[in-house]
Structures are given as C-alpha cells and as structure tokens.
Amino acid sequence: MRQNDYLFPSRKHGSPHLSTRQYARIVDRWVRSIDLDPAEYGTHTLRRTKATLIYKRTKNLRAVQLLLGHTKLESTVRYLGIEVDDALEIAEQMEV
C-alpha cells in the first residue's frame, strides 16, 4: 500500500501509517480536551462503540463479526454483550 492509501498517514518517513501508540495518544488528547476520564475512554472504546452501533442499526451479527475479525459468532455475541438466545434467533433469520 502507498502512504496515500491510509486514512491516517504517518508524518514519519519510515512508516506509511500511524502507529497504534500514536493513535492512542491522539485519542487520549481528544478525551482530555472534552474533560472525560481517559481511564474510561480509549482506542478500544471507539472500536467497541462502532461495532455496537452497527449491530443496533442492522441487527446483522455476521457483518459485525467480519468487521471485528472474529472467527466465532459466539465471540462477537460476548463482545457486544447481547443475549445468546437473541443473537442466535437473529442469526437464523439472516439469509446468507
């Protein structure tokens, strides 16, 4: 991939994209700038929030599973904190 292919390109010449550490520092600054507790909000919070919003809007567990890179649907269900019975019922209703 070229540097232009990344949403958040690195400013360093040796790397085409932000490192996870750089990303964590940016999120930490955002959180602090709006007076939230950085111990409660971080990079993982953003990842989980996006997955939860997609699930709530679409009820498509399989899509969320793919986006998160989970190999097992059960892992996605646990990650989202939804009831297994509800998740299985929704999954059975989805056409693949």
For Ile82 and Tyr55, run side chain to side chain contact (heavy atoms under 4.5 Å, CB included): C-alpha distance rounded to whole Å, both residues' side-chain angles, the deciding distance at 0.1 Å, then the answer. CA-CA 10 Å; Ile82 58 178; Tyr55 172 72; 3.5 Å; yes

Is any side-chain heavy atom of Leu61 less than 4.5 Å from a side-chain heavy atom of Leu80?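 Result yes, sub-4.5 Å side-chain heavy-atom pair found.
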
Are the side chains of Tyr41 and Thr49 in touch, meaning some heavy atoms are under 4.5 Å apart?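 No, every pair of side-chain atoms sits at 4.5 Å or beyond.
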
Can you check side chain to side chain contact (heavy atoms under 4.5 Å, CB included) on Leu46 and Val27, steps first, answer last? CA-CA 9 Å; Leu46 294 176; Val27 170; 3.8 Å; yes

Applying side chain to side chain contact (heavy atoms under 4.5 Å, CB included), run through Leu18 and Ile26 and close with a yes or a no. CA-CA 10 Å; Leu18 287 179; Ile26 290 169; 3.8 Å; yes

Can you pull out every salt bridge (Lys or Arg N to Asp or Glu O under 4.0 Å) where at least one residue sits in residues 32-55? Sequence neighbours excluded, please.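 Sorted pair list: Asp28-Arg32.
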
Partners passing side chain to side chain contact (heavy atoms under 4.5 Å, CB included) against Ala24 (at least two apart in sequence or in another chain):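 Side chain to side chain contact (heavy atoms under 4.5 Å, CB included) list for Ala24, sorted by chain: Arg21, Thr43.
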
Partners meeting side chain to side chain contact (heavy atoms under 4.5 Å, CB included) with Leu66 (sequence neighbours left out):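 Applying side chain to side chain contact (heavy atoms under 4.5 Å, CB included) to Leu66 gives Arg62.
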
Got a sec, which residues hit side chain to side chain donor-acceptor pair (under 3.5 Å) with Ser19, two or more places apart in sequence or on another chain?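 Listed in chain order: Gln22.
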
Thr45 and Val31: CA distance, side-chain angles, deciding distance, side chain to side chain contact (heavy atoms under 4.5 Å, CB included) verdict: CA-CA 11 Å; Thr45 307; Val31 169; over 6 Å; no

Any chance you could measure Thr52, atom OG1, to Arg57, atom CZ, to the nearest 0.5 Å?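 The CZ atom of Arg57 is 11.0 Å from OG1 of Thr52, to the nearest 0.5 Å.
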
Quick one: ring pair (Phe, Tyr, Trp, His ring centres under 6.0 Å) partners of Tyr79, sequence neighbours excluded?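 Ring pair (Phe, Tyr, Trp, His ring centres under 6.0 Å) list for Tyr79, sorted by chain: His44, His70.
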
